[in-house]
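Structure first, then comments.
In this text the structure is predicted, and so the values were computed from the model without any measurement. These values consider heavy atoms only, across backbone and side chains, with no hydrogens, waters or symmetry-generated copies.
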Amino acid sequence: MAATVSPLRPGYGLSAGSRRQSTAVFDDRIHAGSQLANNLREYVGDPNVVVLSVSRGGAVVGSVVASALGRGVAHLYYVVRPIPFASMPRLSLGSVAGDGSVRIDNVVARSVGVSDGVLLRSIEAVDEELSREQAAFYGAVPTAERLEGRTLVIVDDGMEAGDTMREAVMHLRHCYRASKVVVAVPVCLADLRKQLLRHVDGVVDIVSPVFVGNVARWYALGVTVSAAEQQALDHMFVNGGNSSFDFD
């Protein structure tokens, strides 16, 4: 498994030697998506490719990527959330996706002694939340037919801890037999990229710093939604969302 890395571009305020940033790299997520699409040119016009966005910020990036790759490439909104364990909030018992699929980590569930009833109620609570989120997306709903045997390009607008992306990768690997899974993000921490490459077929990014810090600093407006981004969100979602983006 090999990562695809773009060269650092002049004027971006980032030195390949120092890996230090003096200015924002991206005007907004639309700009980031167009740059990311340049590194995904091998998938242009491939009808077997499906772009999956795992957050609303990622949906802006993903919509630009899918459009750049051509008509045959579908863009889907694919939200995944961990199944919580009330006694240990940071522990995940598995995951639920917006398409209704469920992944249970039986080893973890058995180790903490969670009952079937508690596990089921936790799954139902997450599923209810995700159903509302998924229904807000105007585009096609993810289904097994759309995901099985495909090249899945999982997109987000950046990763700090990477919890959302890891959860999505594990869930998709467990629930579907994709022919290839590729993670595509404008900003990916170098160590996180190495971790992801153990589970996916490639990681495509624009910059891969040793320390990401706050991903928002790589964008000119930080977490604030620009007018162009808001227009894109309004086009994709029933409720365009808040005036700011979240990172995990």
Side-chain angles (χ1 to χ4, degrees), residues 50-63 66 74-148 150 152 154-178 181 183 223 225 229-230 232-248:
V50 178
V51 175
L52 299 174
S53 294
V54 295
S55 70
R56 292 206 174 196
V60 177
V61 176
S63 65
H75 176 224
L76 305 176
Y77 186 52
Y78 197 80
V79 281
V80 180
R81 297 285 185 272
I83 301 169
F85 183 50
S87 301
M88 303 174 70
R90 292 291 297 172
L91 184 70
S92 171
L93 300 174
S95 53
V96 182
D99 61 358
S101 57
V102 177
R103 177 187 67 87
I104 297 174
D105 191 325
N106 291 308
V107 173
V108 174
R110 283 197 298 268
S111 69
V112 298
V114 63
S115 69
D116 290 345
V118 170
L119 181 59
L120 181 59
R121 286 193 293 275
S122 295
I123 291 171
E124 289 175 341
V126 177
D127 184 56
E128 183 178 349
E129 174 193 343
L130 288 182
S131 294
R132 291 193 296 269
E133 178 75 7
Q134 193 70 57
F137 185 64
Y138 285 128
V141 177
T143 62
E145 183 180 3
R146 292 178 179 274
L147 302 176
E148 291 279 0
R150 304 298 185 97
L152 305 180
I154 312 174
V155 177
D156 208 348
D157 53 350
M159 290 187 291
E160 290 180 6
D163 293 342
T164 297
M165 184 61 74
R166 271 193 295 262
E167 206 73 67
V169 167
M170 289 190 294
H171 191 96
L172 288 162
R173 281 296 197 194
H174 177 83
C175 296
Y176 300 103
R177 296 182 297 274
V181 175
V183 168
V223 298
V225 178
E229 288 169 334
Q230 188 62 61
L233 288 169
D234 290 341
H235 181 72
M236 289 185 286
F237 294 94
V238 175
N239 176 358
N242 300 324
S243 59
S244 63
F245 292 107
D246 295 320
F247 293 107
D248 80 308

**Request:** Would you mind listing every ring pair (Phe, Tyr, Trp, His ring centres under 6.0 Å) that reaches into residues 96-118, with sequence neighbours excluded?
**Result:**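 Output for this query is empty, none listed.
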**Pairs flagged by ring pair (Phe, Tyr, Trp, His ring centres under 6.0 Å) wherever residues 88-144 is involved - sequence neighbours left out** =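 Counting only pairs at least two positions apart or across chains, the ring pair (Phe, Tyr, Trp, His ring centres under 6.0 Å) contacts touching residues 88-144 are Tyr77-Phe137, Phe137-Phe237.
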Do [X] and [Y] touch side chain to side chain, with heavy atoms closer than 4.5 Å?
X      : Y      : value
Gln134 : Asp99  : no
Thr164 : Val80  : no
Met236 : His75  : yes
Val61  : Asp156 : no
Arg81  : Val96  : no

Partners meeting side chain to side chain contact (heavy atoms under 4.5 Å, CB included) with [X] (sequence neighbours left out):
X      : result
Ala109 : Val114
Ala140 : Leu76, Arg146
Asp116 : none

Measure across [X] and [Y] and return the closest heavy-atom pair with its distance rounded to 0.1 Å.
X      : Y      : value
Ser92  : Val108 : O-CG1, 3.7 Å
Pro82  : Pro84  : O-CD, 3.4 Å
Leu152 : Ala178 : CD1-CB, 3.6 Å
Val155 : Gly62  : CG1-N, 3.8 Å

**Request:** Calculate, to the nearest 0.5 Å, the distance between atoms OG and CG belonging to Ser111 and Leu91 respectively.
**Result:**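 If I round to the nearest 0.5 Å, the distance is 7.0 Å.
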With [X] via salt bridge (charged side-chain N to carboxylate O under 4.0 Å, His left out) - residues at least two apart:
X      : answer
Arg90  : Asp163
Arg103 : Glu167
Arg177 : Glu148

Pairs under 3.5 angstrom only: tabulate donor-acceptor contacts from the side chains of residues 119-132 to other protein residues two or more places apart or in another chain.
{"residue": "Ser122", "atom": "OG", "partner": "Val118", "partner atom": "O", "Å": "3.1"}
{"residue": "Ser131", "atom": "OG", "partner": "Asp127", "partner atom": "O", "Å": "2.8"}

**Asked** Would you say the side-chain atoms of His171 and Ser95 include a donor-acceptor pair closer than 3.5 Å?
**Response**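 There is such a pair (donor and acceptor under 3.5 Å, judged by atom type) between the side chains of His171 and Ser95.
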**Message:** Would Leu147 and Tyr78 count as a side chain to side chain contact (heavy atoms under 4.5 Å, CB included) here? Give the steps.
**Reply:** CA-CA 11 Å; Leu147 302 176; Tyr78 197 80; 3.9 Å; yes
**Item:** Steps toward side chain to side chain contact (heavy atoms under 4.5 Å, CB included) verdict (Ile154, Val54)
**Value:** CA-CA 7 Å; Ile154 312 174; Val54 295; 3.6 Å; yes
**Message:** With side chain to side chain contact (heavy atoms under 4.5 Å, CB included) as the criterion, how do Ser101 and Tyr176 come out once you've worked through the C-alpha distance, each side chain's angles and the decisive distance to 0.1 Å?
**Reply:** CA-CA 10 Å; Ser101 57; Tyr176 300 103; 3.8 Å; yes
**Message:** Could you check whether Arg56 pairs with Glu133 (Lys NZ or Arg NE/NH1/NH2 to Asp/Glu carboxylate O, under 4.0 Å)?
**Reply:**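 Judged by the 4.0 Å cut-off on N to carboxylate O distance, Arg56 and Glu133 do form a salt bridge.
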**Message:** Determine whether a donor-acceptor pair (N or O, by modelled atom type, separation under 3.5 Å) exists between the side chain of Ser53 and the backbone of Ser55.
**Reply:**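 No, Ser53 side chain to Ser55 backbone: no donor-acceptor pair under 3.5 Å.
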**side chain to side chain contact (heavy atoms under 4.5 Å, CB included) between Val181 and Leu172, worked out** = CA-CA 9 Å; Val181 175; Leu172 288 162; 5.5 Å; no
